[in-house]
Amino acid sequence: MTDAEQVWGLCAQALQGMVTDAAWRMWFTQIQPSWADEHRLVLSVPSALARERLQGTHHQLIIDAVSELAGHPVAVDFVVGTPLGTGDDYLDAGADDEVDEVDPALLARIGVNGNAAAIRPGDDPAQADGSPPRERGGLQPNFTFDAFVTADSNRFARAAAEVVAATPGYAYNPLVIYGGSGLGKTHLLHAIGNYVRRHFPNYTVRYTTTEGCMNEFVEALRTKTTLAFKRRYRECDVLLMDDFQFVMTSERLGEEFFYTFNELQEASKQIVIVSDRSPAEMMSLHERFRSRLLAGLVTDVKPPDLETRIAILRKKAEKHERIVPDDVLVLIATHIRDNIRELEGALTQVVAFAHHFDEPLTKELAEKVLADSVSKTHKPITPELVIDKASELSGFSVEDLKGPNRSRPLVQARQIAMYVLRQLTDHSYPAIAEAFGGRDHTTVIHAVKKIEGLMPERAKVYQDVEALTRLLTSA
């Protein structure tokens, strides 16, 4: 074994626990030790793309690991090609050589179609030059790959999302993830954005829903700022669009997004789309648009099986810092099968009930709470119905709940109505915000988090949520 092999073998053991599984599989397994002396380690990689990614994102991490092992500073260089074997070979090859073509084996591994011309050496903007990060988009930081519960129903979608996050713009472009409401599509969308934001801090990541994008477009038309609107979406590095099925409700927005899509794709910028159905089923889409979406990777997420639902509940229970018996988890998972959001909401209600009334968390208690609070009904629940019933229970008028008044009792009643609407329907945050007087969607996000946090702490909040839920779901 050469000195380089010994050094890299020890470093690899330390590094594997410092990066995500996706990054390790994608980039580190390709590294071959080439040459080493007391002050320098040369590592061979199969392509310019691999070298750019490792230099741009993981270089300092590798330097720190090697230097810690050696007990003094050690430089680390990457060369493209087969292991060189000697220092003279390294010096002859030159650390700055470029390779015009990407290794076909790498392309096959990550599923990239097309030629290497779209991959531009030096493009990776994750520079260690001290420059400030660009705009990061409205991402929810708790939606990460680590927090995502993987099962057969979503395994391929997650794997595709991880590849896209590790190689934005180079693989699976566009990536389309579709499936029913509450199955984790939006979680994966945010996980991609959060991963890119962390590992490529100078990338511009823009997350939006179709409805949010439409509202921006209408405002741009009204204020004659359409050029700024176009730049905002066409100059990003990663575009994440949720609720894409609504894009053709406005023909003009659909046309605008089609041109934006083309421009981003031609510039090798990453596009990820989430929808409740496959592009093949979107009859309102123009054929030219549908064909472009289908040319990327289209994958679905399905309702989780019982074991996965239990695993999701167990992970959610950890956040409540309560030990929830397995028979309680099984009961909840058996009652609620098709929507993860409702699944987690039911657990929150059971835990909060036990806390407020100082009762043990038992299967009998769960049966009681589920029978009262999450019984299913075919009666459609609309924003208007939720606001009307919230008005009836709180004593505030519908106009007050929709209006600008921010007195404390009114604000809490409004937040409870927003929370319940989010739990019981498929409405997006922007849609809920619009229903409550055209507010910003971040107001709804804040309201949902606020009420979710208060329910285990304040009996009155829990009781108000439970009463509104029961009123809406009763036959």
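Each residue takes its place number in the sequence, starting with 1.
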Passes salt bridge (charged side-chain N to carboxylate O under 4.0 Å, His left out), E256 versus R234? Steps please. CA-CA 11 Å; E256 177 60 36; R234 297 185 186 186; 2.7 Å; yes
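- Under 3.5 Å, the side chains of T442 and D440 contain a donor-acceptor pair of N or O atoms.
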Does the salt bridge (charged side-chain N to carboxylate O under 4.0 Å, His left out) test come out yes or no for R232 and E216, once each step is laid out? CA-CA 10 Å; R232 192 156 56 246; E216 289 184 54; 3.0 Å; yes
Kindly determine whether Q349 and T469 satisfy side-chain contact (heavy atoms from CB on, under 4.5 Å), including the steps that lead there. CA-CA 11 Å; Q349 288 186 304; T469 301; 4.1 Å; yes
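- Of all heavy-atom pairs spanning A157 and I177, the tightest one is CB-CG2, 4.4 Å.
- No side-chain heavy atom of T204 sits less than 4.5 Å from a side-chain heavy atom of E235.
- With hydrogens and angles disregarded, a donor-acceptor distance shorter than 3.5 Å links the side chain of R290 to the backbone of P279.
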Run the salt bridge (charged side-chain N to carboxylate O under 4.0 Å, His left out) check on R470 and E466 step by step: do they pass? CA-CA 6 Å; R470 185 171 59 247; E466 193 270 344; 2.2 Å; yes
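- Closest heavy-atom contact between T150 and R158: OG1-NH1, 2.7 Å.
- Looking at H190, its side chain never comes within 3.5 Å of a backbone N or O of T144 through a donor-acceptor pair.
- Within 6.0 Å of CD on E68 lie no more than 12 heavy atoms contributed by other residues, nucleotides or ligands.
- Shown here is R458, whose CZ atom has no more than 12 heavy atoms of other residues, nucleotides or ligands within 6.0 Å.
- Using bins of under 30°, 30° to 60° and over 60° for the plane-to-plane angle, the ring pair F257/F261 lands in the tilted bin.
- Looking only at atom types and distance, the side chain of D242 has a donor-acceptor partner in the side chain of T186 under 3.5 Å away.
- When each of D237, T260, N173 is tested with K269 by the rule side chain to side chain donor-acceptor pair (under 3.5 Å), just one qualifies, namely D237.
- Applying the ring pair (Phe, Tyr, Trp, His ring centres under 6.0 Å) criterion to H356, with sequence neighbours excluded, gives Y462.
- With hydrogens and angles disregarded, no donor-acceptor distance shorter than 3.5 Å links the side chain of S44 to the backbone of Q32.
- Contact detail for P141 and N194: the closest heavy-atom pair is CA-ND2, 3.9 Å.
- The side-chain heavy atoms of P304 and L183, taken from C-beta on, include a pair separated by under 4.5 Å.
- Rounded to the nearest 0.5 Å, atoms CD (Q13) and CG (L69) are 10.0 Å apart.
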Just do the side-chain hydrogen bond (donor to acceptor under 3.5 Å, both in side chains) check on D64 and S67 with the steps written out, would you? CA-CA 5 Å; D64 291 344; S67 299; 5.7 Å; no
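- K316 has its side chain out of reach of L343: every pair of non-hydrogen atoms, C-beta onward, lies at least 4.5 Å apart.
- Residues T308 and A151 come closest through the heavy atom pair OG1-CB, 2.9 Å.
- Residues S428 and V444 have side chains not in contact (no heavy-atom distance under 4.5 Å, counting atoms from C-beta outward).
- A distance of 10.0 Å separates CG of L361 from CG of D327, quoted to the nearest 0.5 Å.
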Begin with the C-alpha distance, continue with both residues' side-chain angles, and end with the deciding distance and a verdict on salt bridge (charged side-chain N to carboxylate O under 4.0 Å, His left out) for R314 and D326. CA-CA 9 Å; R314 189 168 285 120; D326 285 346; 2.9 Å; yes
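- Between V350 and V324, the closest side-chain pair of non-hydrogen atoms is not below 4.5 Å.
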Walk me through it: do V163 and T167 pass the test side-chain contact (heavy atoms from CB on, under 4.5 Å)? CA-CA 6 Å; V163 169; T167 60; 3.9 Å; yes
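- Each of I192, L240, V272 was compared with Y207 under the side chain to side chain contact (heavy atoms under 4.5 Å, CB included) criterion, and only L240 meets it.
- For the pair T299/Y172, no side-chain contact is recorded, criterion being any heavy-atom separation below 4.5 Å from C-beta on.
- To the nearest 0.5 Å, the span separating CG on L347 from CD1 on I332 amounts to 5.0 Å.
- Ring geometry, Y203 versus F200: the interplanar angle falls under 30°, so the pair is classed parallel (tilted spans 30 to 60°).
- Separating the CD atom in E162 from the CG atom in L188 is a distance of 9.0 Å, to the nearest 0.5 Å.
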Identify all side-chain donor-acceptor contacts of residues 415-424 below 3.5 Å with residues at least two apart in sequence or on another chain.
from: R422; atom 1: NH1; to: H427; atom 2: O; distance (Å): 3.0

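- Using bins of under 30°, 30° to 60° and over 60° for the plane-to-plane angle, the ring pair F289/F244 lands in the perpendicular bin.
- Using modelled atom types, one side-chain atom of K185 and one backbone atom of G180 make a donor-acceptor pair closer than 3.5 Å.
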Worked verdict on V238 versus Q270 for side-chain contact (heavy atoms from CB on, under 4.5 Å): CA-CA 5 Å; V238 179; Q270 183 65 53; 4.2 Å; yes
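- In this structure, the side chain to side chain donor-acceptor pair (under 3.5 Å) partners of N262, at least two apart in sequence or on a different chain, are R292.
- Looking at L293 and V298, their side chains never come closer than 4.5 Å, going by heavy atoms from C-beta outward.
- In terms of the salt bridge (charged side-chain N to carboxylate O under 4.0 Å, His left out) criterion, K449 has no residue partners (sequence neighbours excluded).
- When the ring pair (Phe, Tyr, Trp, His ring centres under 6.0 Å) test is applied to H59, the partners found at least two apart in sequence or on another chain are F78.
- A donor-acceptor pair under 3.5 Å is formed between the side chain of H199 and the backbone N or O of Y195.
- Closest heavy-atom contact between A311 and V149: CB-CG1, 4.0 Å.
- In terms of the ring pair (Phe, Tyr, Trp, His ring centres under 6.0 Å) criterion, residue partners of F229 (sequence neighbours excluded) are, by chain and number, F217, Y233.
- Interatomic distance, CG of L189 versus CG of L139, reported as 8.0 Å (0.5 Å rounding).
- Separating the CD1 atom in I432 from the CZ atom in R439 is a distance of 13.0 Å, to the nearest 0.5 Å.
- Contact annotation: the side chain of F28 approaches that of L54 to within less than 4.5 Å [non-hydrogen atoms, C-beta and beyond].
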Q412 vs L454, test: side-chain contact (heavy atoms from CB on, under 4.5 Å). Steps then yes/no. CA-CA 10 Å; Q412 189 165 95; L454 288 177; 4.0 Å; yes
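- The minimum heavy-atom distance between P174 and Q265, with the atom names listed, is CD-NE2, 3.3 Å.
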